[in-house]
Amino acid sequence: MGKVGGFLEITRVEQPERDPRARTRDFKEFVGTLPVEGLREQGARCMECGVPFCHNGCPLGNLIPDWNDLVYRDRWREAIDQLHATNNFPEFTGKLCPAPCEAACVLEIREGDAVAIKQIEVSIINRAWDEGWVVPKPPEVETGMTVAVVGSGPAGLAAAQQLRRAGHAVTVYERDEAGGGLVRFGVPHFKIEKWVVERRLDQLRAEGVEFRYGVDVGVDISAQELREQHDAVVIATGSRVPRDLPVPGRELDGVHYAMDYLYDRARVLEGTPPEHPISAAGKHVLVIGGGDTGADCVGHAHREGAASVTQIELLGEPPARRPDDLTPWPRWPVKLRTSYALKEGGERDFAISTTRLSSNGGGKVEQVHWVQNSGKPPFDAIPGTEETRPVDLVLLAMGFLHPEQPLLEGLGVDKDQRGNVKAGAYSTSVEGVFAAGDARRGQSLIVWAINEGRQCARVTDRYLRHVVARDPRDEESAGTSERFGSSDLGADPPRTASNA
């Protein structure tokens, strides 16, 4: 596997990035990949470790050592087949996933030395598109069954593609004006350009998936109508209810949820700006929340020409290196990371509790008042550390609570204590209704979303195989998924108390 002893001879090389001073002048992607020979060398570092912990680190179970070896041997056509066997959209994960597979790589025992898996992954799919190896794969046999997928994010798209390739008629309902979910509107253009998303949507359309944009299920079409028109429904709406900041002054003009800002920026760049878009241009910007969404707000604010950008985090500053007593290898390490956006500029501070927002009159936010805290629950304030700073735009990027509730209530599905769809093995409490992605598991990673969509598609297909076909001529084929033109509907779902 790879070059014998290659990991001893070849050092890890990171993905090349455009200079921060240059990339903040535009909205183009700034992360590249090494030339082919450099990629082959990185693939050669895969060490035939015997037990590939990267498989466990990757929620999709990607066959990482296999395609590392194929890249090293310059067998790119086979590499994309191995990659697509477990991942419908490797260009999405290759650009956006934080790479838990690399954290689980055996070479990561020596911190910072993992195989450059993410870079190799995105290079394989880039080469595949360039060579014309990615083509539509419509089903060979139609089942006569129809499925509604609500939501066109990564989970919904993965479920739709898998179910369509199984021969079912699939309609994706999306309330926004284009497909892709947060990948389309929430993730900035400079992390993934939107033609990359549209290219995959074109593939799904060519395979026979129908997209209905601008349709808000529960408003434009009732949950009851949806159930009557389809044999099965997949809920893939994501976790879109944001966590709020309950402090005085929250109601002031200039205080917004981060996702509202990011959606506005996406639409401005697409040439369809809202009537009053949120803008950071020339403003003192405060981003509350230290995750990826907060970083994306910081990156956009830089590109808009903000007067200043500050990002604060409630939790204390994590250690600079992996704390083996808390998150030992191969677990995802809780350690200090500097986002791409902060490399471009701005300030960051930890263990900060926002106490209030204020205005000198006129109803617009002008100051933020905060205090340093203990850095861990219950986040006790440290006396004498109170501070006030000028601010014109406050963006709340503190995560998400659960999916929006009206659709779930309309469909009558049970919910867990957190407000997510209760669907232990993707089946909800309502027959014929399934759930996948953040709507089922809560806020999570894009790689989990794709995995959930694939798993949910398999469970949904199994259900449909036992539903009598609408057209008697299809009765024979309705019970044999293997005849649907797709031998791979995703890995078996995990065994739980509800499906054991």
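On a predicted model such as this, the values are computed, not experimentally measured, just so you know.
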Notebook entry, point to check: Quick one: do Asp176 and Arg184 make a salt bridge, cutoff under 4.0 Å?
Noted result: no
Checklist line | Side-chain H-bond candidate by donor/acceptor type, Arg348 with Thr338, under 3.5 Å | finding: yes
Next item on the list: Determine whether the side chains of Glu174 and Ser152 contain a donor N or O and an acceptor N or O closer than 3.5 Å.
Entry: yes
Next item on the list: For the residue pair Arg441 and Asn420, establish whether any side-chain heavy-atom pair is separated by less than 4.5 Å.
Entry: no
Checklist line | Polar contact flag, side-chain donor to acceptor under 3.5 angstrom, Asp74-Trp76 | finding: yes
Next item on the list: Search all heavy atoms of Thr93 against all heavy atoms of Asn87 and return the closest pair with its distance.
Entry: OG1-ND2, 3.0 Å
Next item on the list: Determine, step by step, whether Arg127 and Asp130 satisfy the salt bridge (charged side-chain N to carboxylate O under 4.0 Å, His left out) criterion, reporting the C-alpha distance in whole Å, the side-chain angles of both residues, the deciding distance to 0.1 Å, and the verdict.
Entry: CA-CA 5 Å; Arg127 174 77 174 269; Asp130 291 343; over 6 Å; no
Check: If every non-hydrogen atom of Ala159 is compared with every non-hydrogen atom of Val234, which pair is closest and at what distance?
Finding: CB-CG1, 4.4 Å
Notebook entry, point to check: Is Glu111 salt-bridged to Arg321, going by a charged N under 4.0 Å from an acidic O?
Noted result: yes
Next item on the list: Answer yes if the side chains of Tyr340 and Asp292 hold a donor-acceptor pair under 3.5 Å, and no otherwise.
Entry: no
Notebook entry, point to check: Is there a donor in the side chain of Asn126 and an acceptor in the side chain of Thr33, or the other way round, less than 3.5 Å apart?
Noted result: no
Check: Do we see a donor-acceptor contact under 3.5 Å between the side chains of Gln162 and Arg165?
Finding: no
Next item on the list: Measure from the ring center of Phe185 to the ring center of Tyr263 and say whether it is less than 6.0 Å.
Entry: yes
Checklist line | Side chain to side chain, Thr86 and Trp67, heavy atoms closer than 4.5 Å | finding: no
Next item on the list: Specify the closest pair of heavy atoms between Gln15 and Val122, including all atoms of both residues, with the distance to one decimal.
Entry: NE2-CG1, 4.1 Å
Item checked: N-O pairing of Glu78 and Arg73 below 4.0 Å -> no
Check: Taking NZ, NE, NH1 and NH2 as the nitrogens, is one of them in Asp19 or Arg21 under 4.0 Å from a carboxylate oxygen of the other?
Finding: yes
Next item on the list: To the nearest 0.5 angstrom, please state how far the CG atom of Leu314 sits from the OG atom of Ser353.
Entry: 5.0 Å
Next item on the list: Mark yes or no: Arg200 above the aromatic ring of Phe89, with NZ or CZ under 6.0 Å from the six-membered ring centre and no more than 45 degrees from the axis.
Entry: no
Notebook entry, point to check: Looking at CG of Asn88 and CG of Leu204, how far apart are the two atoms once the value is rounded to the nearest 0.5 Å?
Noted result: 8.0 Å
Note to self: Rounded at 0.5 Å granularity, tell me how far NZ in Lys283 sits from CG in Leu393.
What the structure shows: 5.5 Å
Checklist line | Residue pair His55 / Pro65, side-chain heavy-atom distance below 4.5 Å | finding: yes
Item checked: Arg267 vs Glu177, salt bridge (charged side-chain N to carboxylate O under 4.0 Å, His left out): CA-CA, chis, key distance, verdict -> CA-CA 10 Å; Arg267 290 185 167 116; Glu177 66 272 24; 2.8 Å; yes
Notebook entry, point to check: side chain to side chain contact (heavy atoms under 4.5 Å, CB included) between His300 and Leu269: does it pass, once the steps are laid out?
Noted result: CA-CA 11 Å; His300 258 300; Leu269 293 176; 4.1 Å; yes
Margin query: Any non-hydrogen side-chain atom of Phe92 less than 4.5 Å from a side-chain atom of Val197?
Written below: yes
Check: Do the charged groups of Arg18 and Asp26 touch, with an N to O distance under 4.0 Å?
Finding: yes
Checklist line | Working for salt bridge (charged side-chain N to carboxylate O under 4.0 Å, His left out), residues Lys118 and Glu102 | finding: CA-CA 8 Å; Lys118 182 175 175 179; Glu102 292 188 14; over 6 Å; no
Check: Shortest non-hydrogen contact from Ile120 to Gln42?
Finding: CD1-C, 3.9 Å
Notebook entry, point to check: Do Pro242 and Met398 have side-chain heavy atoms sitting under 4.5 Å apart?
Noted result: no
Notebook entry, point to check: Would you say the side chain of Leu201 lies within less than 4.5 Å of the side chain of Leu157, judging by non-hydrogen atoms?
Noted result: yes
Margin query: Any donor-acceptor pair under 3.5 Å linking the side-chain atoms of Thr237 with those of Glu404?
Written below: no
Item checked: Short side-chain donor-acceptor distance under 3.5 Å, Glu193 and Trp195 -> yes
Notebook entry, point to check: What's the spacing between Phe379 CZ and Leu315 CG if we round to 0.5 Å?
Noted result: 4.5 Å
Note to self: Tell me whether the rings of Phe27 and Phe190 are parallel (<30°), tilted (30 to 60°) or perpendicular (>60°).
What the structure shows: tilted
Next item on the list: Compare every heavy atom of Val183 with every heavy atom of Pro154, then report the nearest pair and how far apart it is.
Entry: CG-CG2, 3.6 Å
